[in-house]
Amino acid sequence: MSKTENKLEDIVSLCKRRGFIFPGSDVYGGMAGTWDFGPLGVILKKKLMDAWWKFWVEDREDMYAVDAAIIMNPITWEASGHTATFSDPLVECGACHGRFRADKLADGVNESVTTEEFLAQKVNCPTCGKCEWGPIRKFNMMFTTHVGAVLPDDTDEELVKKSITYLRPETAQGIFTNYKNVVDTIYPNIPFGIAQQGKAFRNEISPRDFILRDRECSQMEIEYFVRPDGWESAFDDLLKEYQRFLSEEMGLSSEKIHLLEVPAEDRAHYSKRTVDLEYDYPNGREELMGIAYRTDFDLQNIARASGKNMEYRDKNTGEVFVPHVVEPSIGVERLIMAVLTDAYAEDEIDGNKRVVLRLPENLAPYRFCVSPLLKNKPELVEKAKNVYQLLREKYGNVTWDDSGNIGKRYRKQDEVGTPKCVVIDFDTLEDDTVTVRDRDTAEQERVKIAEL
Ligand code: GAP
């Protein structure tokens, strides 16, 4: 009997219980919209990011990468349009002063909803139930910070203003601002991509749904530079390749992924076409990632704001043009959440209920768990330690468990997604074979140590 509807609370509880993900600043009561990865979560996250890196950067000949600073010259955000437009519609309840995203409270409106449109819907405040709304205000989601020896309450207002900069809300601008450096040092043939993995920060009005909407997240982005007439085929190719990546490398079921052609009024200010890949998360369908055609918007803005030439010279044809850009962008946390949703299952083995995380082998925090059948038999422990060492040398992430009885160990490893448990018993001492128990089927087979 397999549970088909995964409950968000079950996944949140498993993540905390088994050391995958904890609330940020947990010991002080938490910090909304922030999450910490624990010992197992950090391995999962690293494996996932490494799998992305291998697929999109190492295995391709048209891809380069950068690792840019998080704090950038504030001109970056003026030029990119983020200072002016990276905002959500904020509405405040006149009765309880709760603050909300207007487009998330009212039906059928988007981020450019007006006060009149919102009030016409007569929505009640989710906190106090009253309907006494103030006007909609634009709330810029970038986190402000001050750079240099300046205090926010310094009397020199000009100095304070000059010191303001932001934590980057997308990794993309660290790529665009390095486009010229990459072209001048690597001389890539167009089309080519520049990839980056890293933190991005957004002061979300209402962070929610576990790690789906965070104030601090990690993004994996590619800016793919093409000839102005080459964007459509690049868009289609990248989309297909991403679908392959999500199913083959991340183990996501394709029937849970849905393509959404984003209408013009819902697209980001820089995009002429966006396709979102939505995923059926436990609490409903949500954006997992997006592919956007950013035209030459960013490079032209940088050229204007910096006075530098962003043109590309085609070595073969001699043509000179400012490249256009197709951008696939995905959040690490949303991808982890999709992977966990797909992997989480509850079923029965020999009449006993269990929770099992059917993670793809390349993402499972541990490839193997090694244990002696009995921990009070030194000869079994010694042999098991040898096998443990052998597998560690060969596979890296291997865990040791000699706690409780063997059944409890299996349950624990099922919950953290370990594909195989290796048990050393008295027969091992005789014939150098071990029991290998499979996570998904719970079947056991005898295998020679040398064949592991
Ligand atoms: N450079 C383009 C860009 O940043 P976006 O649609 O705003 O576009 C891209 O973000 C992806 O980053 C999203 O599809 C999502 O996976 C992830 N993301 C964005 N905001 C997030 C948040 N607050 N928490 C978690 N992930 C987020």
Side-chain angles (χ1 to χ4, degrees), residues 21 24 31-35 37 45 48-49 52 66 68 70 72 76-77 80-82 85-88 101 103-104 110-111 139-143 166-177 179 193-224 238-239 242 245-246 250 252 257-260 262 266-279 281 283 285-295 297-299 301 325-341:
I21 301 168
M31 169 93 188
T34 68
W35 298 91
F37 285 80
K45 183 177 177 184
L48 180 144
M49 291 175 79
W52 185 92
V66 293
I70 287 173
M72 302 176 72
T76 310
W77 309 110
S80 68
H82 282 78
T85 61
F86 194 61
S87 53
D88 276 341
R101 251 182 84 166
D103 57 324
K104 296 284 169 195
N110 57 39
E111 286 147 35
F139 175 74
N140 194 297
M141 287 195 291
M142 287 196 292
F143 277 102
Y166 308 94
L167 301 185
R168 67 180 178 201
E170 61 167 9
T171 61
Q173 293 305 322
I175 298 179
F176 288 122
T177 50
Y179 151 84
I194 306 181
Q196 180 168 218
Q197 298 183 329
K199 293 265 185 176
F201 303 82
R202 297 175 183 198
N203 196 1
E204 296 282 353
I205 296 172
S206 16
R208 62 186 168 82
D209 289 339
F210 192 32
I211 53 173
L212 270 201
R213 194 170 294 285
D214 312 320
R215 291 198 164 121
E216 176 178 336
C217 68
S218 296
Q219 289 185 321
M220 303 189 286
E221 302 202 290
I222 295 165
E223 306 307 324
Y224 199 72
L238 289 167
L239 176 57
Y242 237 110
F245 169 75
L246 294 175
M250 300 291 113
L252 301 189
I257 298 173
H258 310 274
L259 299 188
L260 173 76
V262 180
D266 289 346
R267 289 198 294 255
H269 61 279
Y270 48 71
S271 173
K272 275 249 170 79
R273 184 186 176 199
T274 299
V275 170
D276 279 349
L277 278 77
E278 297 187 313
Y279 179 83
Y281 288 105
N283 279 7
R285 198 172 287 182
E286 277 280 354
E287 175 187 329
L288 162 64
M289 62 165 292
I291 301 192
Y293 168 42
R294 289 180 81 130
T295 67
F297 177 85
D298 299 274
L299 291 185
N301 284 339
V325 172
V326 178
E327 174 200 66
S329 171
I330 192 162
V332 173
E333 290 77 8
R334 289 204 190 171
L335 184 52
I336 288 179
M337 192 57 208
V339 166
L340 290 173
T341 307

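The model shown is predicted, which means the values in this text are computed figures rather than measured ones. Throughout, numbering of the chain's residues begins at 1 and tracks the sequence. Both ligands and their constituent atoms are indexed starting at 1 by order of listing. The analysis underlying the following values was restricted to heavy atoms, covering all of them including side chains, and did not include hydrogens, waters or symmetry mates.
With a 4.0 Å cut-off on non-hydrogen atoms, Asp276 does not touch ligand 1 at all. Contacts between Leu335 and ligand 1 below 4.0 angstrom, taking non-hydrogen atoms only, are absent altogether. At a heavy-atom distance under 4.0 Å, only side-chain atoms of Glu287, from C-beta outward, approach ligand 1. At a heavy-atom cutoff of 4.0 Å, ligand 1 is contacted by no atom of Arg215, backbone or side chain. Neither the backbone nor the side chain of Glu286 has any atom closer than 4.0 Å to an atom of ligand 1 (non-hydrogen atoms only).
For atom 12 (O) of ligand 1, the closest heavy atom belonging to the protein is Gln219 NE2, 3.2 Å. Of the protein's non-hydrogen atoms, Arg202 NH2, 2.9 Å is the one closest to atom 4 (O) of ligand 1. Counting protein heavy atoms only, atom 25 (C) of ligand 1 is closest to Leu212 O, 3.2 Å. Scanning all protein heavy atoms for the shortest distance to atom 24 (N) of ligand 1 gives Asp214 N, 2.9 Å. The closest protein non-hydrogen atom to atom 8 (O) of ligand 1 is Tyr270 OH, 3.7 Å. The nearest protein atom to atom 9 (C) of ligand 1, hydrogens excluded, is given as Ser329 OG, 3.0 Å; this is a heavy-atom distance. For atom 21 (C) of ligand 1, the nearest protein heavy atom (residue, atom name, distance) is Arg334 NH2, 3.7 Å.
No donor-acceptor contact under 3.5 angstrom links the side chains of Gln173 and Thr76, judged on distance only. For the 3.5 Å distance criterion, the side chains of Asn283 and Asp209 qualify, holding a donor opposite an acceptor.
The residue from Met289, Glu170, Gln219 that alone fulfils the side chain to side chain contact (heavy atoms under 4.5 Å, CB included) condition with Ser329 is Gln219.
Against a heavy-atom cut-off of under 4.0 Å, Leu288 is close to the following atoms of ligand 1: 14 (O), 15 (C), 16 (O). Interface of Arg294 with ligand 1, defined as ligand atoms under 4.0 Å from a residue heavy atom, comprises 1 (N), 2 (C). For ligand 1, the atoms closer than 4.0 angstrom to any heavy atom of Ala172 are 1 (N). Close approach of ligand 1 to Met289 (heavy-atom distance below 4.0 Å) involves ligand atoms 14 (O). Counting atoms of ligand 1 from 1 in the listed order, those under 4.0 Å from a heavy atom of Glu327 are 1 (N), 2 (C). Proximity to Glu170 (heavy-atom distance under 4.0 Å) selects the following atoms of ligand 1: 1 (N), 2 (C), 3 (C), 4 (O).
Nearest heavy-atom pair across Pro169 and Ala200 is O-CB, 3.7 Å.
Considering backbone and side-chain N/O of Gly331, one or more are found under 3.5 Å from N/O of ligand 1. For ligand 1, one of its N or O atoms has an N or O atom of Glu204 under 3.5 Å away. For the pair Cys217 and ligand 1, the shortest N or O to N or O distance does not fall below 3.5 Å.
Seen from the ring of Tyr270, Arg294 counts as a face-on cation partner, given the 6.0 Å and 45° thresholds. Geometrically, Lys272 does not engage Tyr293 in a cation-pi contact, judged by NZ or CZ lying under 6.0 Å from the ring centre and within 45° of the ring axis.
Around the CE atom of Met31, the shell of radius 6.0 Å holds no more than 12 heavy atoms that belong to other residues, nucleotides or ligands.
In this pair, His82 and Phe86 present their aromatic rings tilted. The plane angle is within the 30 to 60° band.
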After noting the C-alpha distance and the side-chain angles of Lys104 and Glu111, does the key distance pass the salt bridge (Lys or Arg N to Asp or Glu O under 4.0 Å) rule?
CA-CA 9 Å; Lys104 296 284 169 195; Glu111 286 147 35; over 6 Å; no
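Side-chain rings of Phe245 and Tyr242 approach one another, their centers coming within less than 6.0 Å.
Comparing Met337, Gln173, Glu221 against atom 1 (N) of ligand 1, the shortest heavy-atom distance belongs to Glu221.
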